[in-house]
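Below you'll find the structure, written out as structure tokens, and then a few comments.
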Amino acid sequence: MLRYIGLTVLVLSIEIGFLYVLSLYFAADFMSTLFIGASLFIVIAFILSSDGDLFTKFASRRTEQSKGSYKARREKLSLHFGPLLTGSILCLATYFVMYYGI
């Protein structure tokens with residue numbers, strides 16, 4: 001559990017640092033950069049942490065067809081809340097805390 005929290009804080013600090021440097025480089029407002037960047041990070045983390053989606057199903061089918069033993073089966077969609085997804089959600093939560101002063 002301590003490792004999970006440590007990795008989540010590491011992901012959060014890397015994302016916020018990256019977005020801060022990006023806002024300085026392009027001379028943009030940090031809060032708008034933080035909102036858009038955190039939203040994009042959440043979408044990317046969601047795609048990377050989901051299983052049973054369109055990409056996984058087709059890759060599994062191609063792998064099994066190359067072996068000649070593909071059997072159609074029903075795949076369940078699952079989502080794994082890893083440190084990447086949790087850190088990205090916390091990055092968006094950081095935006096709301098900083099912007100609205102909650």
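The 12-atom threshold is not exceeded at CZ of F46, counting heavy atoms of other residues, nucleotides or ligands nearer than 6.0 Å.
No option in T94, I42, L12 other than I42 meets the side-chain contact (heavy atoms from CB on, under 4.5 Å) test with I89.
Looking at heavy atoms from C-beta onward, L19 lies in side-chain contact with C91 at the 4.5 angstrom threshold. Between S39 and L92, the closest side-chain pair of non-hydrogen atoms falls below 4.5 Å.
Hydrophobic clustering (side-chain heavy atoms under 4.5 Å, transitive across Ile, Leu, Val, Met, Phe, Trp, Tyr) keeps I16 apart from V21. F30 and Y25 fall within a single hydrophobic cluster, where Ile, Leu, Val, Met, Phe, Trp and Tyr are joined by side-chain heavy atoms under 4.5 Å apart, directly or via other members. In terms of hydrophobic clustering, with Ile, Leu, Val, Met, Phe, Trp and Tyr side chains grouped at heavy-atom distances under 4.5 Å, L10 and F81 are assigned to different clusters. The hydrophobic cluster containing L40 also contains M98, counting ILVMFWY residues as joined when their side-chain heavy atoms lie under 4.5 angstrom apart, directly or transitively. Both F96 and Y99 belong to a single network of hydrophobic side chains, linked directly or stepwise wherever heavy atoms of I, L, V, M, F, W or Y lie under 4.5 Å apart.
Distance check: L90 CG to F41 CZ gives 14.0 Å after rounding to the nearest 0.5 Å. Atom CZ of F18 is separated from atom OG of S13 by 14.0 Å, given to the nearest 0.5 angstrom. Put simply, CG on L85 and CD1 on I44 are 12.0 Å apart, with the number rounded to the nearest 0.5 Å.
Y20 pairs by the side-chain hydrogen bond (donor to acceptor under 3.5 Å, both in side chains) definition with nothing, not counting sequence neighbours.
Here the shortest heavy-atom pairing between Y4 and T86 reads OH-OG1, 2.6 Å. The two residues A45 and L84 have their closest heavy-atom pair at CB-CG, 3.8 Å. When all heavy atoms are compared, the tightest approach of E15 to G87 is OE1-O, 3.7 Å.
Ring geometry for F35 against Y95 counts as tilted: the plane angle lies between 30° and 60°, on a 0 to 90° scale.
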